[in-house]
Amino acid sequence: MPNRAETGVWVSLIAYLFLSTTKVSLGYLLSSQALTADGLNNVTDVLAAIGVLIGLRIARKPRDEDHPYGHSRAESISALIASFIMATIGLEVLQSGIRTAWQGRTTPPELSAAWIALGCAGVMLAVFAYTRYLAHRTRSNALGAVSKDNLSDALVSIGAAAGIIGSQWGLSWLDPVAAILVGLIILRTAWGIFKEMSHLLTDGFHEGELSRYRSTMEEIKGVKSVVDLKGRLQGNEVILDAVIEVDRDLTVEESHRITEILESELARKHQVRQAHIHVEPDGPDNS
């Protein structure tokens, strides 16, 4: 599965290398700040994709003495670093667009810049569809972040094209305004990735997911109640820690059998393959 996640990142990386070179060079040539800003956005994506690839490679390393749970969190760390890179260039694009809009410009960019931007948007929409599919199949957080960035890039290119087209009708200020919007979209995407990865790295877990797991556990015959349930993500693997109550008259073997059924159902219904279940006897004497 990790190999498929890497394939998705490689597809994005190759697309970004091609698009960033095309947009930046033609953006300068055709005097379009919006297209140039769009290309600089893709430069951040190249750097981010390289960081994600490194993270995925580290995440595949087996357990060792210093990492008894493995290295899977390197994947989330790489996505977090990618968000910092995106934010840095996003601020630069925003500053450049504001400066140009403030100074004013009289010469609109070439209309061909708009068609280039739209063609690039089509490429990124295709890449987004592919990486989103792979992210779902591999349950890779890092590739999920990459796919969101792919969609953001497609929307950025469409916005850049709209600004360039508008500037042809005497609204030359639309091109730098489109560049400003590109910068804001880059920053918004960076913040979304940063927020999600920070949540994961601090052992945050969505309450809705725990409710689903709890419902499944309470349906198992022999489980009197789920006293406590905690979850966290280790890379793309869900780890659950649960305390359940069973009939106090059950033998150790019978109680253990219930935990095996629980683990099997969690894996079958929710793809949770690491569940640590502690059994307690029910009744008023329970301590």
Side-chain angles (χ1 to χ4, degrees), residues 1-9 52 55-79 130-148 196-197 199-248 250-282 286:
M1 298 298 271
N3 288 331
R4 300 190 68 185
E6 286 185 22
T7 299
V9 180
V52 169
L56 287 173
R57 288 291 177 90
I58 295 174
R60 290 171 57 187
K61 293 175 62 177
R63 301 176 183 180
D64 56 35
E65 292 183 0
D66 294 328
H67 302 84
Y69 291 100
H71 299 77
S72 56
R73 283 199 173 179
E75 184 179 330
S76 298
I77 293 173
S78 67
Y130 180 66
T131 53
R132 182 180 63 171
Y133 166 77
L134 283 184
H136 177 73
R137 291 295 300 271
T138 60
R139 296 166 60 87
S140 169
N141 294 318
L143 185 56
V146 169
S147 70
K148 290 177 183 178
E196 183 177 355
M197 293 304 108
H199 184 252
L200 294 178
L201 288 170
T202 54
D203 284 337
F205 205 83
H206 295 293
E207 185 63 33
E209 291 294 308
L210 287 178
S211 296
R212 291 173 57 227
Y213 302 148
R214 182 183 294 271
S215 296
T216 296
M217 297 173 72
E218 289 174 343
E219 292 173 358
I220 302 300
K221 183 179 179 181
V223 177
K224 296 288 186 178
S225 67
V226 179
V227 179
D228 189 30
L229 180 62
K230 299 182 182 71
R232 59 191 175 94
L233 278 169
Q234 188 76 20
N236 58 358
E237 290 288 335
V238 175
I239 300 176
L240 293 182
D241 294 292
V243 179
I244 63 170
E245 283 188 340
V246 300
D247 192 319
R248 64 173 48 251
L250 292 179
T251 65
V252 172
E253 183 177 353
E254 290 170 332
S255 299
H256 179 67
R257 178 57 182 162
I258 292 174
T259 65
E260 288 182 330
I261 295 173
L262 277 173
E263 292 170 356
S264 177
E265 283 299 289
L266 287 169
R268 184 179 68 85
K269 289 187 176 181
H270 308 293
Q271 291 74 53
V272 176
R273 293 178 173 80
Q274 291 195 55
H276 309 299
I277 303 172
H278 175 70
V279 177
E280 291 185 351
D282 69 338
N286 180 40

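A quick note: this is a predicted structure, and the numbers were derived from the prediction, not measured.
- Crowding of E260 atom CD: a count of heavy atoms from other residues, nucleotides or ligands under 6.0 Å exceeding 12.
- Side-chain contact between L229 and I244 is absent, with no heavy atoms from C-beta onward closer than 4.5 Å.
- The side chain to side chain contact (heavy atoms under 4.5 Å, CB included) test with D241 singles out one residue from H278, H276, Q274, and that residue is H276.
- Salt bridge present: K269 and E219 bring a charged side-chain N and a carboxylate O closer than 4.0 Å.
- In this structure a side-chain-to-backbone donor-acceptor pair under 3.5 Å is present from D282 to R248.
- If you take CG on L210 and CE on M217, they are separated by 10.5 Å, rounding to the nearest 0.5 Å.
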Test log, rule side-chain contact (heavy atoms from CB on, under 4.5 Å), inputs T138 and Y133:
CA-CA 9 Å; T138 60; Y133 166 77; over 6 Å; no
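- Atom-to-atom distance recorded for T131:OG1 and K148:NZ is 12.0 Å, nearest 0.5 angstrom.
- Of the inter-residue distances, the one linking L262 atom CG with I277 atom CD1 reads 4.5 Å to the nearest 0.5 angstrom.
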When you look at E218 and R214, which way does the side-chain contact (heavy atoms from CB on, under 4.5 Å) test go after all the steps?
CA-CA 6 Å; E218 289 174 343; R214 182 183 294 271; 3.6 Å; yes
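- Of all heavy-atom pairs spanning L143 and A135, the tightest one is CD2-N, 3.5 Å.
- Inspection of the E265 and T216 side chains reveals no N or O donor paired with an N or O acceptor under 3.5 Å.
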Decide side-chain contact (heavy atoms from CB on, under 4.5 Å) for K224 and D247; before the verdict, give the C-alpha distance in whole Å, the side-chain angles of both, and the deciding distance to 0.1 Å.
CA-CA 7 Å; K224 296 288 186 178; D247 192 319; 4.1 Å; yes
Go through the steps for V238 and Y213 under the test side-chain contact (heavy atoms from CB on, under 4.5 Å), then give the verdict.
CA-CA 11 Å; V238 175; Y213 302 148; 4.1 Å; yes
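- Minimum heavy-atom separation, S255 to V246: OG-CG2, 3.8 Å.
- For the pair T259 and H256, the tightest heavy-atom approach, listed with the atom from each and the gap, is OG1-O, 2.5 Å.
- R232 places no side-chain N or O within 3.5 Å of a backbone atom of L240 that could act as its donor or acceptor partner.
- At most 12 non-hydrogen atoms from other residues, nucleotides or ligands lie less than 6.0 angstrom from CZ of R257.
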